[in-house]
Amino acid sequence: MSFSALAQAAPLLTNLALTPYLIRHLGLDRFGVWSLILVFLATLTVLDGGIGASLARFHAYHGAHGDREGTGRLVVGSLAVFVVLGVLVTGVCLLLAPTITSALDVPPRLRGEAQQLLLALGPLLALALASNSAIALLQANARFGSLAAVSGGACLAYGVAVIVLIDHGQDLPLLAVLTAGRYLFVTVVGLCAGARHIRVRRPLLPPRAERRDFVGYATRMQLSGFTVFLNGEIDALVIAALLPVRYVGIYAAGYQAATALRSLPLYAFPPVLTRMTQVYALRGLTGVVREFHVLQARWLPAVLTYGVVTTTAVGLAVQVWLGTGLALSGAVAAVLLAGYVVQVALTGVRTCFVRAIGRPGYETRYSWCASAVNLALTVPLTLLFGVIGVVLATAIGLMVGSLYFVVLCRRLAGLREQRLPRRWLPATVLAAVMACLGDLLILRLGWHGALPLLLAGLPVLVGLAAASALMLREVAAHRVPE
């Protein structure tokens, strides 16, 4: 779990460290253009037909059977599909780049750079998807140490290159080249690290039966993945359509902070999913239901405490990170994180449960419920509250969808919530007060940047440690009834 966390945290920490530098050297308008391109890239990466989300499962299947030829065919087939997708996106951008930049509120002086970035979107997409394929190969074969080294090395090289090469002026195309280099590094080095699990022989592509199974699984995963676009990336597109492009940068900074904090509990997903799948295989549905209640009794209070404390402190932390002039980014982060906390606390272990028993459709249903609520609220809340209204619609949608998922899982297998520990409320309030007071003092010092942001994390850690000390014995002594 530690190596998995390191591999996933490396890109997030790199972005957190580089964002103040990029805003300072590029300016907020140019940073907004770059953020918009990253939104397009993230959207297209999610809308890859569910291939990226399905590779880890099929790589794991081949790895469990020692089928190196099957793994090789899956690698070759996925890379071929990704190249085709990159070519298609490049062709579309060649035709529509001027139209897209004219439709969005991009300052005239930046439209040339924006069009250049759009033309680079296809190659960036192909390389990003290829890097995900290499990551899935290492994850599926439990090569988490190698994955951490590959991810950390790529991010370190990228961060150093950005600091050394990016200066004032028209540096967005160079930034795109450096980003492509990071994806290429992960792809090449990752595949080399996993080479012992691959054997490339004819036929180069998976057989028809496996392709049919893969497409069916990937289709279900794409339906769930599409909601990531509706509940996240579409917010930036709405802002770009209705407000000046600098607000995309403001939103992107807050979104980045909120998703980074949301990601920390999610690092437990790979081992939890593996554990529940093994229990289901050995003990059936009854065994995995009991395993869910054991895990959820510990997951819920821990995630809720972590979420309340970080949501309370994130607005101040963003101002420490970027300066008081971007307080609006802190508000965006706080609203989004509130929705994420409810989602992760209620759906985290349940998501592993439905995947372990082979019922991912339940995850899709709750995701679409969240998206429907989000879409219904986006326009009216945006008209009322501007940028905050956009993310408020997302947060409400996530909360409603998560509650619906609880109902679905209760109907499916009788999954239920245990009561929170008696000390949960006072412990959480104490931790939140300690975190806020500490971050407020740090903000008063007037320091800004990545290092002061790390300092702002200390009061949060101290508060969480205090809350854990109050609740730990009670949670550890909890017993799930037979």
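For the numbers below, each heavy atom of this structure counts, side chains included, while hydrogens, waters and symmetry mates do not. Since the model is a prediction, treat every value here as computed from it, not as a measurement. Residues take their numbers from the sequence shown, with the count starting at 1.
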**Q** Is the cationic atom of R365 (NZ for Lys, CZ for Arg) positioned less than 6.0 Å from the six-membered ring centroid of Y362 and within 45 degrees of its normal?
**A** yes
**Q** Let me confirm one number: the CG-CG distance from N374 to L381, rounded to the nearest 0.5 Å.
**A** 9.5 Å
**Q** Quick one: does F82's side chain get under 4.5 Å of L127's, heavy atoms only?
**A**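 Contact flag for F82/L127 side chains = no.
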**Q** Less than 4.5 Å apart, any side-chain heavy atom of L129 and any of L79?
**A** no
**Q** Mind listing the closest non-hydrogen atom pair of Q8 and Y267 along with its distance?
**A** CB-CE2, 3.2 Å
**Q** Salt bridge check: are R410 and E417 linked by an N-O gap of less than 4.0 Å?
**A** no
**Q** Quick one: are R411 and V407 in side-chain contact, heavy atoms under 4.5 Å?
**A**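 Yes, close enough: below the 4.5 Å cut-off.
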**Q** Do T19 and N15 pair up side chain to side chain, a donor and an acceptor below 3.5 Å, judged on atom types alone?
**A**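 Short answer, no.
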**Q** Might you point out which heavy atoms bring M434 and V462 nearest each other, and give the distance in Å?
**A** CE-CG1, 3.4 Å
**Q** So Y366 and Q343, side-chain contact (heavy atoms from CB on, under 4.5 Å) or not? Walk me through it.
**A** CA-CA 11 Å; Y366 106 79; Q343 180 192 30; 3.3 Å; yes
**Q** Can you spot which of L55, V150, V186 makes a side chain to side chain contact (heavy atoms under 4.5 Å, CB included) with I135?
**A** V186
**Q** Is any side-chain heavy atom of Y306 closer than 4.5 Å to one of L261?
**A**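 L261 vs Y306: side chains touch.
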**Q** Going by side chain to side chain donor-acceptor pair (under 3.5 Å), name the pairs with one or both residues in residues 431-460, residues two or more places apart or in two chains.
**A** none
**Q** Are the side chains of L121 and T90 in touch, meaning some heavy atoms are under 4.5 Å apart?
**A** no
**Q** Please report the shortest heavy-atom distance between T305 and A467, naming the atom on each side.
**A**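 Taking T305 first and A467 second, the nearest heavy atoms are CG2-CB, 3.9 Å.
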**Q** Can you name the closest pair of heavy atoms from C436 and L316 and give their distance?
**A** O-CD1, 3.7 Å
**Q** Quick one: pull up CG in L38 and CG in L175 and give me the separation to the nearest 0.5 Å.
**A**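 One gets 7.5 Å once the value is rounded to the nearest 0.5 Å.
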**Q** Is any side-chain heavy atom of L412 closer than 4.5 Å to a side-chain heavy atom of I357?
**A** yes
**Q** Are side-chain N/O atoms of S131 and T187 paired as donor and acceptor at under 3.5 Å?
**A**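 Checked: S131/T187 side chains show no N/O donor-acceptor pair below 3.5 Å.
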**Q** Might you point out which heavy atoms bring V344 and P265 nearest each other, and give the distance in Å?
**A** CG1-CB, 4.1 Å
**Q** If you compare all heavy atoms of A432 against all heavy atoms of V309, which two are closest, and at what distance to 0.1 Å?
**A**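 What the structure gives for the nearest pair is N-CG2, 3.8 Å.
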**Q** For L458, look at atom CG and say whether over 12 heavy atoms of other residues, nucleotides or ligands are found less than 6.0 Å away.
**A** yes
**Q** Parallel, tilted or perpendicular: which describes the rings of Y340 and Y255, with under 30° parallel and over 60° perpendicular?
**A**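 The rings of Y340 and Y255 stand perpendicular, inter-plane angle above 60°.
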**Q** Could you check if a side-chain atom of V39 sits within less than 4.5 angstrom of a side-chain atom of W34, using non-hydrogen atoms only?
**A** no
**Q** Does any part of the side chain of I23, heavy atoms only, come nearer than 4.5 Å to the side chain of L326, both counted from C-beta?
**A** yes
**Q** Using a 3.5 Å distance criterion without hydrogens, assess whether the side chain of S151 forms a donor-acceptor pair with backbone atoms of A148.
**A** no
**Q** Does any N or O in the side chain of H293 come within less than 3.5 Å of the main-chain N or O of L415, such that one atom is a donor and the other an acceptor?
**A** no
